[in-house]
Amino acid sequence: MTLRLLFDEIRSNIKKISNDLGYPIVEFDVSEAAKPEFGDVSCNIGFLLAKPIKKRPSEIAEIIANEYQKRKRVFVSEVNVHASGYLNFVANHSAFIESVMQSSVRQDYGKFDLGQNSKIVVEHTSVNPNKALHIGHVRNIVIGDTMARILHKACYDVRILNYVDDSGLQVADIVIGFKYGGFDSKPPQNQKFDHYCGDTVYVNITERYGKEPILAEKRTMVLKELEEGNSEVAKFGDEITRRVLEEQLKTCWRLGVTYDCLNFESQIVRSRLWNVVLEKMKSMGLIYLESEGKNAGCWVIKSDSETEEDKILIRSNGVATYIAKDIPYATWKLGILEDPFYYKQYTVQKNGRILWETTLENTETKLNFTGDTVITVIDSRQSRLQKIITKIIEDFKSKGKSYVHLGYESVTLSSDTAKNLNLETEGKSVQMSGRKGIYVNADSVLDILGKKTYDEVKKRNPDLDDALLIKIAEQVAVGALRYAMIKQDLDKIITFDMTESLSLEGDTGPYIQYAYARSVRILEKSDKTPAFDVSFNDLNTSYEKNLVKIIGKFDIQVEDSAKNLSPKLIARYCYDLAVYFNSFYEHVKVLTAESPEMINARLCLVWSFKETLVKALSLLGIDAPYRM
RNA sequence: GGGCCUGUAGCUCAGCUUGGAUAGAGUGCUGGACUUCUAAUCCAGUGGUCAAGGGAUCGAAGCCCUUCGGGCCCGCCA
C-alpha cells in the first residue's frame with residue numbers, strides 16, 4: 001500500500017457512506033493532510049455537503065466519522081473530526097510502512113499506467129544548425145527530455161524527435177560566411193565547430209549585411225538553393241549543417257539527452273508533402289483565396305476573431321510562407337498522411353538507443369515515428385503560430401487535443417552576466433540573441449560548473465582517482481544545470497546569472513545528489529545486507545514516518561506530472577525526498593542504533609530511500625554519484 | 001489597438017488547475033550544532049497589506065470584474 005492505496009480506500013468508503021446516508025453526490029477531495037498534527041489524510045466532504053443538507057461542516061464530518069468507525073477499515077487506524085469541519089484520518093502505521101517498504105524496492109516502482117501504451121511523440125531541441133546550444137536552448141531540451149522520461153514512466157510509448165531546420169535563413173547566413181565572407185571552414189585549433197560557426201561566423205556575417213550589399217544579395221539565392229537541394233551550394237550547406245548538428249548533439253548527449261529520429265526540414269520541403277497538405281486543406285475548405293483587400297491574391301487561414309489578422313499561407317506570388325513548413329511536419333508527426341520518408345541509422349547513442357534520420361533515398365527501411373498525441377516543446381513566443389497549427393490539425397483530425405504545444409517562457413541573462421559580455425543594461429535582464437552574440441553557451445556553463453565541482457569533490461575525497469573525480473564532477477555539473485532549468489514553472493522567466501548558478505547549496509541538484517551519496521555511504525559502511533522480511537513497526541519517529549510517507553508518494557507524483565505535463569513536480573519531489581532524508585540523517589542514527597533489529601529496519605529505510613531517489617532523479621535525467 | 005504570460009518575505013520561487021485548518025521553501029541576515037553514518041548538511045530566530053480596488057461565497061493568495069506595474073507576440077521575414 002502506497003499513499004495512493006490509502007487514498008483509494010478512504011475515497012471509496014466515504015463515497016459508500018455518503019451514499020448510504022442518502023446525501024447528494026459531491027466531488028469531494030481526499031488528500032494529504034496539511035500538517036502532521038491533523039493526521040495523514042484529510043477529506044473536505046463536510047464543507048461541500050454543508051449547503052445542500054443544511055448542516056454545519058463539523059456536524060457532517062462527525063456523522064461520517066461515526067459511520068466510518070463501524071465499517072471495515074484495514075488501512076485506517078483513526079478517524080478524527082477537526083473543529084474546522086475537516087475529516088482527518090491516521091494511517092495504520094504498520095500496514096502502511098510495510099507496504100511502502102515492499103513496493104519501493106520493486107524495479108518498476110513509481111510506474112503508473114496513465115498512457116496504456118499509447119503512442120506519444122515529444123519533439124524538442126530543434127535548434128537551427130548554425131550555432132552552438134546556449135542556455136536558453138538547454139531549457140527547451142531539459143523540459144522535453146524530462147517530460148519524455150516522465151511520460152515513459154507513465155506507460156506511454158514515447159518517440160523523441162529533433163527537428164533540424166537546415167533550409168532556413170540562419171543556415172544560409174553561415175554558408176555565405178564560408179562561401180563569400182572569407183571564413184575558412186576549419187575552426188581554429190581546439191574550438192568546437194558549432195561554437196566557431198555561432199560565435200564567429202554567424203555574428204560577423206549578420207553584422208556585415210548592412211555594410212556589404214553583395215552579401216545580402218547572395219542571401220536570397222543561397223536560401224533558394226538550400227531548399228531545392230541539387231546544387232553545389234546545397235551540398236555544401238548540407239555538409240556544414242551536419243558538422244554543426246554533430247557538435248550540438250554532443251552537447252545534448254553530455255546532458256544525458258537522447259533522441260529517436262532527426263527530421264530534416266530540407267527533406268520535408270523537397271518531399272512535396274506540402275503540396276499534398278495544401279490540396280487537402282483546399283478541398284476541406286480550411287483555407288481561402290483572398291480576392292480583395294490587402295491580402296488579395298493570397299491563400300489565407302481565416303481568423304476566428306475580428307481583431308486578429310488572417311494568416312497568409314501562400315503569398316500572391318505563389319510562394320509559401322514559413323508556416324507552410326510546419327503544417328506538413330505536424331501532419332507527418334500525427335501520421336495523417338502517407339509517410340514520404342525512408343530511414344537510415346544516424347548513430348547508436350551512449351545508452352544503446354539507435355538514432356535514426358529521415359532520408360528521401362530509398363533505403364528500404366520504413367519506420368514509424370508518429371503518435372496519437374504529439375507534444376511540441378517550443379518557447380511561448382511561438383504561441384500564436386502554434387495555435388494556428390493546432391487549429392488546423394484539429395480540423396484535420398476532428399479528434400481534438402492530438403497536437404499539443406508545450407510552451408515555456410524564455411531564459412534571459414542577468415545584467416551582471418550581460419556585463420561580462422560587454423553589454424550595459426542598466427540593471428535590467430536581457431533577452432538572448434544568437435544573431436547579436438548575446439548568449440552563454442551550454443558547454444561553457446558545464447565546463448565552469450565542472451571545474452568548480454571537480455575542485456570541491458577532490459578536496460572532500462582525496463582518495464579518489466582522477467578519472468572518477470572527473471566523472472563525478474561532470475555528473476554534478478549536469479545535475480546542477482538540469483535541475484536549475486526544470487525546477488521552475490514553465491511560464492516563469494528564468495534569469496540566468498553565472499555567479500548564482502555556481503551556488504550548489506539549498507534547493508539545487510547537488511543538494512539532492514548529496515543526500516543520495518550520504519545514503520549510499522551508510523549502506524556501504526554497514527557490513528550487513530538489509531533484510532526486508534521483518535516488521536518495520538519500530539520505525540516510528542516523525543523523521544522516519546515522514547520519510548516513509550514521501551517515498552510512498554512517488555507514483556502519485558508521476559501521475560500528476562504526466563497528466564499536467566508539468567515536469568517541475570518531479571523536481572520538487574526529488575527535493576522533498578532529499579529534505580526528509582537529510583533531516584532523518586541528522587536526527588536518527590542508523591549504524592549505531594540500539595539493537596540489531598533496529599539497525600536492520602533503518603538500513604531498509606535508507607535502502608528504500610536510495611532506490612526511490614535514484615529512480616526519481618533518473619526521470620530528471622540526473623545521475624546520482626555514490627561519492628561527492 | 002489586439003492576444004498570451006506574469007506580480008506572494010530584501011532577493012529567487014512553491015502554493016492557484018480542484019476555494020477551507022496558523023500562507024510555505026531556498027537564499028540573505030543573526031545565533032547554534034562536526035572526538036559521531038560526509039557540515040554541498042542540520043536546528044533556531046529574522047522576514048509577508050499574497051500589486052490595488054470591487055464582486056459572488058458561511059469562507060479567497062486561489063473564482064469573476066476593473067485598474068496598475070513587468071515580459072513576450074501580432075510581416076506577402078524565417
Side-chain angles (χ1 to χ4, degrees), chain A residues 27-29 31 33-35 37-38 42 44 46-48 50-51 56-57 82-86 88 128 165 167-172 223 294-298 300 305-309 311-317 319-323 325 379-385 387 407-410 412 428-429 431 453 456-457 460-461 476 480 487-495 497 500 503-515 517-526 563-564 566 568 572 575-576 578-579 582-593 602-603 606 627-628:
Chain A
E27 286 292 317
F28 61 87
D29 204 31
S31 57
K35 306 215 162 171
E37 56 264 36
F38 299 143
S42 295
N44 66 344
F47 299 107
L48 302 174
K51 201 171 202 181
R56 286 200 315 279
H82 190 268
S84 61
Y86 269 105
N88 290 326
N128 282 314
D165 180 358
S167 65
L169 262 189
Q170 298 204 13
V171 168
L223 189 60
K294 60 173 182 170
N295 292 341
C298 300
V300 301
S305 79
E306 287 177 12
T307 49
E308 212 165 310
E309 299 270 330
K311 184 77 201 168
I312 292 169
L313 266 188
I314 301 176
R315 305 177 180 99
S316 52
N317 66 4
V319 179
T321 57
Y322 171 66
I323 194 172
K325 289 173 183 172
D379 77 82
S380 41
R381 283 175 297 195
Q382 304 257 15
S383 291
R384 196 187 197 84
L385 224 50
K387 211 172 115 190
Y408 60 92
E409 278 293 344
S410 46
T412 62
K428 284 187 181 170
S429 58
Q431 285 280 337
T453 50
E456 193 67 31
V457 179
R460 291 156 185 266
N461 303 276
V476 174
K487 73 167 178 173
Q488 207 144 325
D489 198 89
L490 296 182
D491 37 17
K492 286 243 165 69
I493 294 168
I494 292 180
T495 304
D497 183 88
E500 215 172 276
S503 154
L504 308 174
E505 288 163 20
D507 186 5
T508 65
Y511 171 92
I512 300 166
Q513 290 170 316
Y514 183 66
R518 280 177 139 184
S519 71
V520 170
R521 199 65 167 159
I522 293 177
L523 295 164
E524 214 175 70
K525 287 214 169 170
S526 156
K563 261 188 188 157
N564 300 315
S566 179
K568 74 165 178 204
R572 297 213 70 77
Y575 178 66
D576 287 344
V579 166
N582 274 329
S583 188
F584 162 86
Y585 184 94
E586 298 282 342
H587 295 99
V588 181
K589 292 298 160 211
V590 177
L591 298 179
T592 53
R602 286 184 179 157
L603 279 175
V606 171
R627 291 277 291 274
M628 64 184 278

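Throughout, a chain's letter reflects where its sequence line sits, starting with A, and its residues are numbered from 1. For clarity, every value in this text was computed on a predicted model and none was experimentally measured.
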Per [X] side chain, nearest of listed nucleotides [options]:
| X | options | result |
| --- | --- | --- |
| Y86(A) | rA21(B), rG2(B), rU38(B) | rA21(B) |
| K589(A) | rC37(B), rC58(B), rA40(B) | rC37(B) |
| D29(A) | rU38(B), rU18(B), rA21(B) | rU18(B) |
| R521(A) | rA78(B), rU38(B), rU6(B) | rU38(B) |
| R572(A) | rU38(B), rC37(B), rA14(B) | rA14(B) |
| Y585(A) | rA40(B), rU38(B), rC73(B) | rU38(B) |
| I493(A) | rU38(B), rG71(B), rA78(B) | rG71(B) |
| M628(A) | rA40(B), rA78(B), rU22(B) | rA40(B) |
| N564(A) | rA21(B), rU17(B), rU41(B) | rU17(B) |
| D507(A) | rG26(B), rG2(B), rC37(B) | rG26(B) |

### Query
Quick check: does any side chain N or O of T508(A) sit under 3.5 Å from a backbone N or O of Y511(A), one acting as donor and the other as acceptor?
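Yes.
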### Query
Quick check: does any side chain N or O of D491(A) sit under 3.5 Å from a backbone N or O of E409(A), one acting as donor and the other as acceptor?
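A pair under 3.5 Å: no.
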Between [N] atom [atom2] and [X] atom [atom1], what is the distance in whole Å?
| X | N | atom1 | atom2 | result |
| --- | --- | --- | --- | --- |
| E409(A) | rG71(B) | CD | P | 12 Å |
| Y511(A) | rC13(B) | OH | P | 21 Å |
| Y575(A) | rG26(B) | OH | C1' | 5 Å |
| N128(A) | rC77(B) | CG | C1' | 13 Å |
| R384(A) | rC5(B) | CZ | C1' | 14 Å |
| E500(A) | rG26(B) | CD | P | 16 Å |
| K35(A) | rA25(B) | NZ | C1' | 14 Å |
| R381(A) | rG75(B) | CZ | P | 15 Å |

Base, sugar-phosphate or nothing for [X]? Non-hydrogen atoms, less than 4.0 Å.
| X | answer |
| --- | --- |
| R518(A) | sugar-phosphate |
| S42(A) | base |
| N88(A) | base |
| L169(A) | sugar-phosphate |
| I312(A) | base |
| A296(A) | base |
| A517(A) | base |
| Q513(A) | nothing |
| V588(A) | base |

### Message
Using a distance-only criterion (donor-acceptor N/O pair, under 3.5 Å, no hydrogens), is the base of rA40(B) paired with the side chain of T453(A)?
### Response
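For T453(A), whose side chain was compared with the base of rA40(B), there is no donor-acceptor pair (under 3.5 Å).
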### Query
If you take atom types as modelled and just measure distance, does the side chain of S316(A) reach the base of rC76(B) with a donor-acceptor pair under 3.5 Å?
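Side chain to base: pair found, below 3.5 Å.
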### Query
Given the P atoms of rG45(B) and rA40(B), what is the spacing between them in whole Å?
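Looking at atom P only, rG45(B) and rA40(B) are 24 Å apart.
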### Query
What are the two closest non-hydrogen atoms of Y514(A) and R460(A), and how far apart are they?
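Answer, listing the atom of Y514(A) first, then R460(A): CE1-NH1, 4.4 Å.
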### Message
For E309(A), is there an ion pair with R384(A) - N to carboxylate O distance below 4.0 angstrom?
### Response
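A salt bridge is absent here (no side-chain N lies under 4.0 Å from a carboxylate O).
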#### Entry: Under-4.0 Å side-chain N/O to phosphate OP1/OP2 contact, K492(A) with rA14(B)
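Indeed, a polar side-chain atom of K492(A) lies that close.
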### Query
Distance check: side-chain N/O of R460(A) vs OP1/OP2 of rA40(B), anything under 4.0 Å?
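Answer yes for this pair, as a side-chain N or O of R460(A) is under 4.0 Å from OP1 or OP2.
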